[in-house]
Structure formats: structure tokens, C-alpha cells
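Here is the structure we will look at.
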Number of protein chains: 2
Amino acid sequence: MKLTEAKQQFISSWGAFGTHWGINRTMAQIHALLLITPDPLTQDDIMDELNISRGNTNMNIRELINWGLVERVLLTGERKEYFSAEKDIWKVIKQIVKERKKRELEPMMKLLDQLEEVEGDKRDKHVKTFIDTVSSIKKLGKQADKTLDVMIRAEESWFVGSIMKMFK
Amino acid sequence: MKLTEAKQQFISSWGAFGTHWGINRTMAQIHALLLITPDPLTQDDIMDELNISRGNTNMNIRELINWGLVERVLLTGERKEYFSAEKDIWKVIKQIVKERKKRELEPMMKLLDQLEEVEGDKRDKHVKTFIDTVSSIKKLGKQADKTLDVMIRAEESWFVGSIMKMFK
DNA sequence: CCGAAGTTTCAAAAAATATTGAAAGTTTAA
DNA sequence: TTAAACTTTCAATATTTTTTGAAACTTCGG
């Protein structure tokens, strides 16, 4: 397979993959493009490469910056802004986990705390089932929260290395 | 908070939560409803409770069954089919992880295997960056695959219990 | 201060996704 | 075998999400 074709494949699959994870197609594609490109790119480079409009490119780059996955790079003597993606995939994963934890897991935990305090007699099976369900989601959610914190602080070697063998 | 209100909240938040995870709103809502309802429900019960059409209900129940999260229950002496959700949340999580691994992670790994074999001189920095990116995603993906396998086979106590303390 | 180069915004249009509901299909009791 | 009860399908419709691109805005050298 030629590089050009492989790049296309990678970008388009990464985009499709992203849509299963609540990330929009274009955002994932821009990220993919920046991951596999050695040097920083301008907004126009990205527009041309992916055939998308200026506005769309701008919005999604901004969103990638919000997620902490892409940064602005100012090349000396250049008027234009360049963009470049973090290339260390372990850092990328940790950053995504961190953001999603903050955006999704934490608000869900807050809601469950409230819902657990529903009024009513626990001898009523409707009340009981509700509280039991909420509590057990909360319990696992709290654990997931802790586990992800450990992961966010960890080095790649922790994940890939020998410690994990203990679980085999 | 009254039970009725709490139920509504739970269902609607679970639905919104689902959309961030590539699951459609209605599917997540039906799942939420079944999770907090002690007895199995019929399709009509679900339609009435969530105010959705017959077709939509039917499709999404079917999808939940495909995911292994809901099962048909035949009550003796009843003509109608009833539906009920697995209530053990750890089992639910494992089932979701298992399905998503099969549907998403595994196909991605296959693609990366192909893309790693791109033609070209590794001294060309475009080729090098591409291969390095693909390889490192593959490496972490393989590790994630193994880790999730361990998780799928594990008991809840593994996740919540003392073993995890080693990582703190 | 001017104007060219570059960036951002956002209302409108397009595309993708989800929902409806009536018709077709299936099952079962008598 | 019939018909009532129940389930499934799917073309049309509605909703949501994404994308476009022109206009507004910002920045900077001279």
C-alpha cells in the first residue's frame, strides 16, 4: 500500500471510529491528519487536505485545542498560525480519559448522589429497585473514577509493562 | 425528591449519557427504565412510559437484546412477551465492554496491521511519522485488548476490592 | 491610520440519524 | 381454518447534528 492511500485510510477510519465515541467525524479526521504529519500545518493545509470548509476547520481545531490534543505553534517569522498534535499516544489517551471523566463521569456521579436520596419506603419494591440500581451504579462509578485517576497519573510503562501480568 | 420525578430524571440523564457513548437516546432510555423497574415490562408498557412509538420501541428493544442487555421473558399463562434487563451492573458493564471491544477495537487493530505495512523509505520523515504513529497506537490497542479481556473475565470484587489498592 | 493577511462567527443549507405509524407478518386459541 | 392478539418492518417524516461560506472581526507592518 502506498503512503497516500494509507494516510487516506487512516484518516477516514479514525473519523468513523471517533463517531462511535461521541467525537465528530471532522474533529477526529483533523486529529488523525495532524498525528501522522511530521510538521505543523496551517488551517489552509488542513482545509485542502481534508476538503472541508474554512469555518468547519476552524471550529474543530478550536475544539481539539479545548480538549488539549492540539496546540497552536507560531513559527518564527511567519504571520500564519500553525497547528500540531501531541504525538505521544499514551499522553493522548490520558488526555482524552481526563476530559471525558470531567465532562461525563463526574456530572453523572453528582446526579446519582441526588437520586439516591429519593423519598419513599424501601419496603416498596419500586423504591427498593430504584435505590439499589442507583447505588450500585454509583459504587462502580466511584471505583472507575479512582481507577482512571491512577491511570491518568501513570506512565505508559505501567500500562504496558510487567505489572499488568499479575492479572493474567 | 419523589420516586416518579427521580425516575424521570434517571431515565432522561441516562439517555443523554448514552448519546455520548455512541448509543442512541431511546435505546439508553429503555434500558434505564428496565433497570429501575422491578418486574418485566411489555412493549406497550415501555411505549406508554416513555411516550414513543411502537416501531421505535420494537427496534430498540431488539437492539438491546442484541447487545445482551435485555432478555425476553415469557410469563406463564400470558400471551404477551415481557422484557427485563440484567440488574447486576458489573455484568452490564462487562457485557458492554465485550460488545464494544468486538465491534470497534478488534476491527481497528486489523486495519492498523495493514497500515503498518505501508511501502516507502523509513528515512522519509512522512513515512516514518506515519509508521511510528500507527505502531504506537497498535501497541497500546493490543495492551488495551488484553486488559479488557482480563476485566471481562473478572469478578466485581476484583475491580472494587483490595487488589486495586496496589496501584495507589 | 490604512489596508492586506489572517481568523472567527453564525445563519442558512445539507447531511445524517432517529422516529412514526400503518401495513404486513406471525402466532395461538378455539 | 379463522380471526383476534400481538410483533415486525420500512418508507415517509421529523429531528438533530454537521457543514458551509460570506461577512465581521482582528492583527500587524508600514
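As a basis for the values below, the full set of heavy atoms in this structure was taken, side chains included, without hydrogen atoms, waters or symmetry mates. Reminder, nothing fancy here: chain letters follow the sequence lines and each chain counts from 1.
If you take CD1 of B:Ile46 and C1' of D:dT7, they are 13 Å apart, rounded to a whole angstrom. Here D:dT27 presents its P atom at 19 Å from CD of A:Glu78, a figure rounded to the nearest Å. Straight-line distance from the CG atom of B:Asp44 to the P atom of D:dT7: 7 Å, rounded to whole Å. We find that CG of B:Asp45 is positioned 11 Å from P of D:dT7, with the value rounded to whole Å.
In this structure, A:Thr37 OG1 and A:Glu49 CD are separated by 6.5 Å, a value rounded to the nearest 0.5 Å.
Using a 4.0 Å cutoff to heavy atoms of chain B, the contacted part of DNA chain C runs 5' to 3' from C:dA18 to C:dT28.
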Apply the test side chain to side chain donor-acceptor pair (under 3.5 Å) to residues A:Ser135 and A:Glu116: give CA-CA distance (whole Å), side-chain angles for both, the deciding distance (0.1 Å), then the verdict.
-> CA-CA 7 Å; A:Ser135 304; A:Glu116 212 177 16; 2.9 Å; yes

For B:Lys87 and A:Asp132, run salt bridge (charged side-chain N to carboxylate O under 4.0 Å, His left out): C-alpha distance rounded to whole Å, both residues' side-chain angles, the deciding distance at 0.1 Å, then the answer.
-> CA-CA 9 Å; B:Lys87 295 286 197 298; A:Asp132 287 352; over 6 Å; no

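A:Lys138 and A:Asp145 are not joined by a salt bridge, as no carboxylate oxygen comes within less than 4.0 angstrom of a charged side-chain nitrogen. With salt bridges taken as basic N to acidic carboxylate O contacts below 4.0 Å, none links A:Lys102 and A:Glu106.
B:Glu86 places none of its side-chain heavy atoms less than 4.5 Å from the side chain of B:Leu35.
At the heavy-atom level, B:Gln43 lies under 4.0 Å from base atoms of the strands shown.
Within 6.0 Å of CD in A:Glu78 there are more than 12 heavy atoms belonging to other residues, nucleotides or ligands.
The B:Arg62 side chain lies nearest to D:dT9 when the options are D:dT27, D:dT9, D:dC6.
Note on ring orientation: taking the six-membered ring where Trp is involved, the planes of B:Phe10 and B:Trp14 are parallel (angle under 30°, cut-offs 30° and 60°).
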Using the 3.5 Å cut-off, write out each protein N or O paired with an N or O of nucleotides 19-24 of chain D and the distance between them.
from	atom 1	to	atom 2	distance (Å)
D:dT19	OP1	A:Thr26	OG1	2.6
D:dT19	OP2	A:Thr26	OG1	2.7
D:dT19	OP2	A:Asn56	OD1	3.4
D:dT19	O5'	A:Asn56	ND2	3.3
D:dT20	OP2	A:Ser53	N	2.7
D:dT20	OP2	A:Ser53	OG	3.0
D:dT20	OP2	A:Asn56	ND2	3.2

